[in-house]
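Side chains included, hydrogens not; waters and symmetry mates left out as well; all remaining heavy atoms used. Predicted model only: the values in this text are computed from it and were never measured. Each ligand, and each atom within it, is numbered from 1 in the order the structure gives.
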Amino acid sequence: MKIPSRGMTRDEVTAALEAYRVDDVRWREGRAFTTAYVAGREVEEVGRDAFARFVHENALDPTSTPSAARLETEVVGMALSHLNAGPEATGNLTSGGTESIILAVKAARDRARRSRPNLVMPITAHAAFRKAAHYLGVETLDVDVDRSTLRADVGAMRDAITEDTILLVGSAPCWPYGLVDPIPELGRLALEKGLPLHVDACVGGFLLPYFRRLGASFPDFDFRVPGVTSISVDLHKFGFVPKGASLILYRDKELRRHQIYACVDWPGYAVVNATVQSSRSVGPIAAAWAVLRYLGDEGYLDLARRILEGVRRLVSGLDEIPGLTVLGRPDFALVVAASREGSVFHIADEMKARGWDIQVQLGHKGLPPNLHFLVTPGNAVHLDALLRDLREAVRSAREAKPGPLGAMAADLLSSAPPSPAVFRELLSAVGVRGGQLPERRAEIYELLNALPRPWVQGVVVEYFSELLTPPAEAVAQEK
Ligand SMILES: *Cc1c(COP(=O)(O)O)cnc(C)c1O
């Protein structure tokens, strides 16, 4: 594709954009249990309207756009009081949970000044910590969770701490199982060792206080817990704000100071960035402000009630389906089920064929592969239909036969050292061409689940590299 020599009309542009969306996940229909956070039309419109209103404003220089700093500090203030912070607390709005976590790790690293820094975290901590560590030259010491509760094992984390540890991490809740780690015990460990403790409340932290008010019980996780020094909380998940809004919050300014980057030693303007981005749209900040003000405490409480009722309904429904086992007793809107008979990957395919989107998670260190359901007010109303179809899908998946890919993988593994070429060969053998995935994906997942993890990493990197490269003919110059 080339830049057209003559521009299209606005109507043409709009029509073409709309046509591109045909295959996008249809989360508004309430049949996606993946990563769409749906609170309904009104909330969607409030966020979109505020976003659009501020989308062209730049938060780069808050002295020339004072609304940016005002909106951001007010959103941060609302979240701090929501999470019981004291008067010394502060924070920033970032583009997402990953950025919030990168900043928390950077602040801890720069405060500690170790030559070979590491962070100690449960294996269930989000991949964003591994990414942050990778970007920032920090090592991660992954500690197994307590296998009976699937929550952080505080004793094992204590044993993992070294002289070069710069940060402890806990989740409230963790993404893989929706469980809140024992944050009060981690806080005591952090205080005893003089280490900062980051609580990753990205997915659930915003709604957990409402769950608590509705009678749910789980460990305390916010700034009331002594020893907690920073918390990440995504507004673009269960805050129901459009994408591009997360918060990194600190108990005090001292630690946050290490987050801020300034460069005045070049011929240009004084660069002062509190977050990773420099030029950035005020759109997400305004949207966050608008949705928080629009919903208010009562609005969030009501949304949380609908989710909590949905989670209870889903867990008891899953318990009744022969062959499925709910892993852990979820504290939050994430419900995870493993299969005792058919493969979860076939179940997901069968559900896809029936119009449902459900995420699958690969097995990890003896923990079984599983189905991961994210419950929102938007999909909770369809749970009876979901459970009916799921019962059938489990039955159909039981009949599915293993395909030939396992044997092929074994062949490849014994004959070739891993390389991008081998990874591409694997992809084409499983029917992936030009980034297009086949409709049924169970066999691909079975293969990934069976491969050594460095191979899986190679394969998914190769896949993305292909998917996100324009076709050669689109780039070639006409001679
Ligand atoms: C989603 C999530 C993240 C990463 O957030 P992004 O907004 O996707 O960058 C980090 N931690 C947890 C627990 C999450 O659920």
Side-chain angles (χ1 to χ4, degrees), residues 25 27 32-38 47 75 79 83 91-106 108 119 121-136 140 142 145 150-152 167-183 186 197-208 211 218-219 221-222 228 230-249 275-277 280-281 283-285 287-288 291 307 311 328 330-336 359 361 364 370 372-376 464:
V25 59
W27 49 265
F33 285 76
T34 47
T35 53
Y37 304 83
V38 187
V75 171
L83 297 177
N92 289 95
L93 193 141
T94 72
S95 65
T98 301
E99 186 181 353
S100 294
I101 287 167
I102 288 173
L103 292 169
V105 175
K106 176 194 160 1
L119 64 85
M121 65 185 199
I123 55 172
T124 46
H126 196 275
F129 289 96
R130 293 165 182 87
K131 178 173 171 179
H134 180 75
Y135 279 15
L136 294 166
T140 57
D142 302 23
V145 289
L150 301 179
R151 297 175 204 265
L167 181 67
L168 303 180
V169 172
S171 308
C174 68
W175 175 267
Y177 303 113
L179 295 165
V180 178
D181 285 327
I183 304 300
L186 284 175
L197 167 63
H198 181 81
V199 173
D200 180 12
C202 276
V203 66
F206 201 77
L207 281 195
L208 278 178
F211 272 50
F218 44 80
F221 71 98
D222 67 15
V228 170
S230 56
I231 300 180
S232 49
V233 50
D234 289 351
L235 299 173
H236 67 198
K237 290 181 181 160
F238 284 98
F240 305 104
V241 167
K243 243 53 79 195
S246 168
L247 297 168
I248 174 67
L249 306 172
T275 63
V276 176
Q277 290 180 298
R280 61 173 175 144
S281 172
I285 310 174
V291 172
I307 296 169
V311 167
D331 292 321
F332 189 60
L334 308 173
V335 179
V336 176
Q359 200 168 61
Q361 300 187 131
H364 182 83
N370 53 70
H372 186 276
F373 301 85
L374 183 142
V375 180
T376 71
F464 262 69

*Asks:* Purely on distance, is any nitrogen or oxygen of Glu99 under 3.5 Å from one on ligand 1?
*Replies:* no
*Asks:* Carefully, step by step, assess Tyr37 and Leu374 under the rule side chain to side chain contact (heavy atoms under 4.5 Å, CB included).
*Replies:* CA-CA 9 Å; Tyr37 304 83; Leu374 183 142; 3.6 Å; yes
*Asks:* What residue and atom, counting heavy atoms only, is the protein's closest point to atom 10 (C) of ligand 1, and at what distance?
*Replies:* His126 CG, 3.3 Å
*Asks:* May I ask you to list the atoms of ligand 1 that are less than 4.0 angstrom from any heavy atom of Asp234?
*Replies:* 1 (C), 5 (O), 7 (O)
*Asks:* Determine whether a donor-acceptor pair (N or O, by modelled atom type, separation under 3.5 Å) exists between the side chain of Thr140 and the backbone of Asp142.
*Replies:* no
*Asks:* Starting from atom 13 (C) of ligand 1, which protein heavy atom do you reach first, and at what distance in Å?
*Replies:* Asp200 OD2, 3.2 Å
*Asks:* Does at least one non-hydrogen atom of His236 fall below 4.0 angstrom from an atom of ligand 1?
*Replies:* yes
*Asks:* Would you say ligand 1 has an N or O under 3.5 Å from any N or O of Trp175?
*Replies:* no
*Asks:* Identify, with sequence neighbours excluded, every residue that meets side chain to side chain contact (heavy atoms under 4.5 Å, CB included) alongside Ala36.
*Replies:* Trp27, Val38
*Asks:* Hey, do the aromatic rings of Phe332 and Phe218 have their centres closer than 6.0 Å?
*Replies:* no
*Asks:* Give me the one residue out of Gln361, His364, His126 that meets side-chain contact (heavy atoms from CB on, under 4.5 Å) with Pro176.
*Replies:* Gln361
*Asks:* Does a side-chain N-to-carboxylate-O contact under 4.0 Å join Asp234 and Lys243?
*Replies:* no
*Asks:* Considering heavy atoms of the protein only, find what lies nearest to atom 9 (O) of ligand 1 and give residue, atom and distance to 0.1 Å.
*Replies:* Thr98 OG1, 2.6 Å
*Asks:* Suppose we measure from atom 6 (P) of ligand 1 to each protein heavy atom; which comes out shortest, and what is that distance?
*Replies:* Gly97 N, 3.4 Å
*Asks:* For a side chain to side chain contact (heavy atoms under 4.5 Å, CB included) check, start with the C-alpha distance between Val228 and Asp222, then their side-chain angles and the critical distance, and finish with the verdict.
*Replies:* CA-CA 7 Å; Val228 170; Asp222 67 15; over 6 Å; no
*Asks:* What residue and heavy atom of the protein are closest to atom 3 (C) of ligand 1, and at what distance?
*Replies:* Lys237 NZ, 3.2 Å
